[in-house]
2 protein chains.
Amino acid sequence: MSGTHTDVPSVVSAPLPSPVPAEEYEQCPVTDIVRRVGDKWSVLVIVLLGRRPHRFNELHRGIEGISQRMLTRTLRGLATDGLVRREVFPTVPPGVEYSLTPLGHSLLGPLSALADWVVAHRDDVAAARRAAAAADT
Amino acid sequence: MSGTHTDVPSVVSAPLPSPVPAEEYEQCPVTDIVRRVGDKWSVLVIVLLGRRPHRFNELHRGIEGISQRMLTRTLRGLATDGLVRREVFPTVPPGVEYSLTPLGHSLLGPLSALADWVVAHRDDVAAARRAAAAADT
DNA sequence: CAGCATCCACGTTGATACTG
DNA sequence: CAGTATCAACGTGGATGCTG
């Protein structure tokens with residue numbers, strides 16, 4: 001892992017001349033995806049499925065705190081985006097298995113980068129929040 | 001850039017024994033940060049400030065579509081988390097400059113990873129969405 | 001087992017108007 | 001210039017009960 005990010009490659013820094021071109025950001029795909037994954041449960045589900053396929057109730061019990069409704073919605077959303085595959089086994093009782101598609105699996109890498117950042121800096125963020133709260137008083 | 005992510009390092013895959021430990025995910029810091037940055041404007045603001053400091057109205061005009069209210073709230077949130085610094089210059093008329101803190105700047109790296117993923121796979125996601133929409137019909 | 005349907009509470013976003 | 005205040009609208013998330 002590199003220590004610093006003095007220069008940042010990729011689209012984040014690349015296409016941004018100083019005068020700011022504006023409308024470019026309106027339909028910014030990065031924001032789009034970050035929002036998709038930024039809901040309350042998507043990351044959790046992706047990480048879980050990243051380990052191995054899971055059954056519906058397996059996820060339901062595994063996440064603890066999620067409602068059936070939200071789990072269903074989250075899985076549907078991820079499946080719609082091609083990140084998760086849903087397979088129904090016509091057994092009795094019927095079983096449904098969810099797994100990461102190759103596309104979904106490829107998202108684990110970038111997610112790891114973010115996760116590493118969080119782990120490395122969560123104390124800084126927590127300290128900043130405390131400082132801000134104290135400043136309010 | 002590496003082609004595949006057959007094994008994914010970092011916390012995303014690391015601390016997840018198969019039986020699923022559950023409560024661990026409730027206060028998952030990754031979800032926490034992803035949500036913070038997952039709102040409608042934060043990423044845009046961070047990317048803009050990543051290029052250079054901006055004045056308030058400069059950002060307001062630059063993003064186009066954001067309301068004063070949302071820009072203020074977004075900036076305040078980011079400042080609270082220590083990602084953005086706010087500096088007031090006691091000139092006439094008063095000027096306020098926003099810039100990324102070192103902490104905020106360090107987030108550009110992970111954000112780049114995500115951005116690269118989005119750029120590389122947005123067609124796949126778009127195709128999956130279209131396929132899902134077609135399947136509904 | 002794996003959902004869907006309904007109702008409800010809440011937070012977030014936005015339009016608009018006003019201020020130091 | 002750089003906000004704050006207020007009100008309205010919407011989306012998200014949760015509880016509960018029912019179904020194939």
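Chain letters run A, B, ... following the sequence lines, proteins first and then strands; every chain starts at 1. Owing to the predicted nature of the structure, the values given are computational and were not obtained by experimental measurement.
Asn57(A) pairs by the side chain to side chain donor-acceptor pair (under 3.5 Å) definition with nothing, not counting sequence neighbours. By the salt bridge (Lys or Arg N to Asp or Glu O under 4.0 Å) test, Arg129(B) is found to be paired with Asp32(A), Asp81(A), residues two or more places apart in sequence or in another chain being considered. For the salt bridge (Lys or Arg N to Asp or Glu O under 4.0 Å) test, no residue two or more places apart in sequence or in another chain qualifies with Arg85(B). Here His60(A) pairs with nothing under the ring-ring contact (aromatic ring centres under 6.0 Å, His included) rule; sequence neighbours left out. Residues satisfying the side-chain contact (heavy atoms from CB on, under 4.5 Å) test with Val92(B), not counting sequence neighbours, are none. Scored by the salt bridge (Lys or Arg N to Asp or Glu O under 4.0 Å) test, Arg73(B) finds no partners at all (sequence neighbours excluded). A search for side-chain contact (heavy atoms from CB on, under 4.5 Å) contacts involving Pro94(A) returns nothing, not counting sequence neighbours.
Side-chain atoms of Arg86(B) lie closest to dG3(D) of the nucleotides dG3(D), dG13(D), dC1(D).
If you check every strand for non-hydrogen atoms under 4.0 Å, Phe89(B) touches nothing.
Rounded to whole Å, the distance from CD1 on Ile66(B) to C1' on dG3(D) is 14 Å. If you measure from atom CD1 of Ile63(B) to atom P of dA2(D), you get 14 Å, rounded to the nearest angstrom.
Comparing the axis of the opening five pairs of the helix from dC1(C)-dG20(D) to dG20(C)-dC1(D) with that of the closing five pairs yields an angle of 50°, rounded to 10°.
Screening residues 118-137 of chain A for ring pair (Phe, Tyr, Trp, His ring centres under 6.0 Å), with sequence neighbours left out, gives Trp117(A)-His121(A).
A donor-acceptor distance shorter than 3.5 angstrom exists from the side chain of Thr101(B) to the backbone of Gly82(B), with no hydrogens or angles considered. Between the Ser106(A) side chain and the Leu103(A) main chain, a donor and an acceptor come within less than 3.5 Å of each other.
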Letter per nucleotide, 5' to 3', of nucleotides 15-20 of chain D [B base touched, S only sugar-phosphate touched, - untouched; heavy atoms, 4.0 Å]: B-B---
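At the phosphate of dC1(D), neither OP1 nor OP2 sits under 4.0 Å from any side-chain N or O atom of Tyr98(B). Regarding contacts with the backbone of dG14(D), a side-chain N or O of Lys40(A) is found under 4.0 angstrom from either OP1 or OP2.
Between Val45(A) and Tyr98(A), the closest side-chain pair of non-hydrogen atoms is not below 4.5 Å. Residues Arg86(B) and Val96(B) meet the side-chain proximity criterion, which asks for heavy atoms closer than 4.5 Å.
Interface limits on DNA chain C: the 5'-most and 3'-most nucleotides within less than 4.0 Å of chain B heavy atoms are dT13(C) to dA17(C).
If Arg55(A) and Arg35(A) are placed on DNA chain C by their nearest nucleotide, the residue sitting closer to the 5' end is Arg55(A).
Using a 4.0 Å cutoff on non-hydrogen atoms, the parts of residues 70-79 of chain A near DNA chain C are Thr72(A), Arg76(A), ordered by number.
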